[in-house]
Amino acid sequence: MDFILNKIDKRLDNHRSLDQHVNDLKRKLTELNGVKEDTDSRMNAELQPRKKLKTEFQIWLENVERINGEVQNLNERIGESSTLTRGFHADDVLKRTREVEELIQQGKFQEGLVVDNPQWIGQVLSTTTLSGEGANACVEKIWQCLMDDEVGKIGVWGMGGVGKTSIVKLINNQLLKEMGKFDVVIWTTVSKEMSIAKLQKDIASQIKVTFCGDECETRRAGMLLEALSRKRRPVFILDDLWQEVSLEKVGIPEPSVGNKLVLTTRSFDVCRKMGCRAIKVKPLVEEEAWKLFSEKVGRDILNVPGVEPIAKKIAKRCAGLPLGVITVASCMKGIDDLSEWRNALKELSEHKQSVNELEDEVFQQLRFSYDRLNDLKLQRCFLSCALYPEDWRIKERELVKLWIAEGLVEEMDSRQAEFDKGHAIINRLKNNCLLEDFSELVKKYRLISDMAYNKRGVKMHGHTRYMACNKRRVKMHDLTRDMALHIKSTKPRFLVKAGMGLREPPNVQEWSEDLEKVSLMRNRMLEVLYPLEMSPPKCPMLTTLLLADCGIKGIPEGFFNHMDGLKILNLSGNPIKSLPNSISNLKNLTELLLAFCKKLDDVPFLSKLRVLKELDLQGTKIKEVPHGLENLLSLKYLNLEHSIIHEIPNGILSKLSCLQYLNVIGTLISGKDVGELKKLEMIKGRFYDFRDLSMYLQACHDGEEPRKYIIHVGKRQSPVSIATKSIKLRDCNISNQIMLPRDIEELYVRNCTFCCHENYPLFSRFVLTSLNTFSSLTSLEIRDVKNMKKLFSPNCMPLKLEVLKISLCVQLEEIIALDFESNERGRATMEFCLLKLKELVLECLPELKSICKVDAVVVCESLKWIDVRDCRKLKRLPFSLPQIRSSSPLSFSIYVTPEEWWKSVEWDDYHAQSLLEPFVTFLST
């Protein structure tokens, strides 16, 4: 009986405390659900393309959902219990409370919620806003088909310029957001001149399949099919398909449940033959076309009295094609003269009288845009863009170089001024919608540190220093390119078969006397230029011949005999071993490009090429300076980089007085000769010793220094450099005063011997110095300098330094030291400011005792990277780091060895070591 009574008493006690426990559980559950809401927000932010949720996070979400359900059921059971039995639920309440508390702790996920998804393949594409209800309706139809397991192939068709590609780009990006539906989205642009090999190569690059180069088409297809069969739920998007293509020959699996094919084409027949669900993209209706036209022209122009009625008639003549509307509207933007609007309408009306087909109509709108450039040179610049392969992303700098060589950019005082003019032309063509911008931001990088290990002994990646670089490129819309080639289909005409996968050269009829420009570039299997049975072509009007990357192994001796007007010859990237002597007679040649003809070991006599302005021999096997180089008195550009020419004899370069760009990095040159080139804007070269460097710099001080320079002194070394004003010293004896350029940005000193008094720092008025005391120096690397005990004197400190690396200087004792004439002597305390310093590396400096004297500090408010290895005698880090006391989150990378050094080193800032401790990684020894 007593046992039963005790049980009842315990349950009554549980009953009395149950309400408190239930309230605690409710509060904890509310807190847990709040954490879940926060993680949901984080998930939406972190779950980007190429990412997937961590498994532990998914399990956590499931547990949160489960515990919510269990608590709800528990509350219902408690509500249905009597006063006597309610207490029986106390243990369950406490158990659920503990589970909730554990889930709250687990829900912090400090390392993030997502990881890389190795199965995910795809690329977000740049898009524009769609115009008209029809386009948006097409997007909906395509999406419905993609979600329908019964539809495997979708064909989006319509005339050129109607917006098919823009629609499918939006679909591509939307697919990348639908993480649960498709894992692989492969986009490839097919274009008019379709090539199975090109399609296979494009797809292979996206799924990381590597071809050796000798596989046949069938084997490549098998390799792709095997790799793609391992991918889950792929979507293939083939843009701009002009004819039926065999998926089997390419290696694309036939669409079935889970994988899809989307294509765009101008032909319904292509959709039909490919077995697609066809979706037509129709032109804009009149009201939509007018709305788009108005947006592009601007309401301020349309408000000019009399303009709007004419503008509506012009918009109506654009055939409802977004490309035509945008192109014509862009031409008229900013024009407020009513007479110009009337004239524009008249021109468009006259064009229309000669065309019948709707697509020809938009072709004439593009021609209208071309005509309204109102500048013959500008029009010729535009037409030259069509010399590149279809859908080719043209490097802007390469395009401007072509225009300069063709004489389309007038000659100016400097090369930079000519390039500025060329970029202005590109912007003009972009603004008239004749070129599309395809620039992209990329990162140049270099390795900063070696492999490291964190406190747990886990291997870490080396540090990489990045520098943003904008790769400026443009592209012609295929319809715009077709228009340009149509314009040049009559005398004087273009012959363009660039990037078409040719195996046979153009026939005899195509090498006609009325040719002005020929482009066969990027036909790697071509090998020969014209049929063997044909006599050398007679092309007296030919000015431009672009044959880069054509696989050409040889050129017949008489090939250039009847090309007296040739100005530009580009043979870059061909496996050619020698050139015909007939090149020597091309007296009008202004540009000869032979870059990366890796088997080329000789060139013909150059003396007769008196107007040659650009000669590119980089990456060839030529061992000696070409005969007659000294006679090229018009030469502005000379590139011998990556060549094996050891030295340019004295007296040759000084005769090339027009040189603006000289890249002979790795080849020894005379400082005296280069110093006489007063128009030089860029130099990359190697001097034998400091005497040559001093002679060159003295000449520069007497005149104007180049805007850019990368100069090596001493032993040949890697040309890699991030800065544009750089000097690299290697295997030199450093003695006496050496004056460096006033605007030097990067200095690299390696394997040199310090031959001055040991009390002189390397950087002082007695040794290395500059007129502006290194006011522009941002990067300094000192490696293996012998007999150097001190690095900087205070009055030669480079105050704008961002990167400082010192390694293997086994006798170095001080970094900032007083010399005999220092103005800092006698001061009680000193403060050195390196406010821009971001990276500091001290490696293998066994005698280094101090960074600066005991009562001095170095203020480094930008420092983010510290790497100290094997500097065991260094007992103090005299850094003042204001950033560690900022309210912003700290971001540091610190690598040290050995670990005991870090624990014993003293800091000028008492709190620095403890605040930086979480960022330390100990390197392996």
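Please read these numbers as outputs of a predicted model, since none were measured by experiment. Numbering of residues begins at 1 and proceeds along the displayed sequence. Scope of the values below: all heavy atoms of this structure, side chains included, with no hydrogens, waters or symmetry mates.
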With a 4.5 Å cut-off on side-chain heavy atoms, are [Y] and [X] touching?
X	Y	answer
Arg481	Trp392	no
Ser519	Tyr388	no
Trp403	Glu418	no
Lys169	Ser166	no
Val245	Val190	no
Lys623	Ile645	no
Asn172	Val168	no
Pro537	Phe559	yes

Closest non-hydrogen atom pair between [X] and [Y], with its separation:
X	Y	result
Lys475	Arg393	CD-CG, 4.4 Å
Leu387	Ala498	O-CB, 3.6 Å
Ile665	Glu641	CG2-CG, 3.4 Å
Leu434	Tyr370	CD1-CA, 4.3 Å
Gly407	Lys377	O-NZ, 3.8 Å
Pro505	Val528	CB-O, 3.6 Å

- Regarding Ser512 and Asp514, is there a side-chain donor-to-acceptor distance under 3.5 Å anywhere? yes
- Just grab all the side-chain hydrogen bond (donor to acceptor under 3.5 Å, both in side chains) pairs involving residues 580-597, residues at least two apart or on different chains. Asn585-Lys608
Hey, could you give me the [atom1]/[atom2] distance between [X] and [Y], rounded to the nearest 0.5 Å?
X	Y	atom1	atom2	answer
Thr544	Asn570	OG1	CG	10.5 Å
Arg473	Glu396	CZ	CD	10.0 Å
Leu263	Cys271	CG	SG	5.5 Å
Gln206	Leu228	CD	CG	10.0 Å
Leu635	Leu629	CG	CG	6.5 Å
Asn631	Ser634	CG	OG	11.0 Å

- Can you name the residues that form a side chain to side chain donor-acceptor pair (under 3.5 Å) with Thr620, not counting sequence neighbours?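 With neighbours one apart ignored, the set is empty.
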- Residue Glu624 excluded, over 12 heavy atoms near CD under 6.0 Å: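 Count not over threshold, so no.
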- Message: Counting only heavy atoms from other residues, nucleotides and ligands, does the tally under 6.0 Å from CZ of Arg277 exceed 12?
- Response: no
- Query: Under the salt bridge (Lys or Arg N to Asp or Glu O under 4.0 Å) criterion, do Glu406 and Arg380 qualify, and how do the steps go?
  - Reply: CA-CA 10 Å; Glu406 288 183 325; Arg380 292 176 65 191; over 6 Å; no
- Message: Evaluate Asp239 against Thr264 for side-chain hydrogen bond (donor to acceptor under 3.5 Å, both in side chains), listing each step before the verdict.
- Response: CA-CA 5 Å; Asp239 185 41; Thr264 70; 2.5 Å; yes
- Could you walk me through whether Lys273 and Glu244 pass the salt bridge (Lys or Arg N to Asp or Glu O under 4.0 Å) check? CA-CA 6 Å; Lys273 291 177 180 178; Glu244 180 187 5; 5.2 Å; no
Residues 593-606, side-chain donor-acceptor partners within the protein, below 3.5 Å, at least two apart:
none

- Take Lys517 and Leu495 through the side chain to side chain contact (heavy atoms under 4.5 Å, CB included) test and state the conclusion after the steps. CA-CA 6 Å; Lys517 301 181 195 296; Leu495 171 59; over 6 Å; no
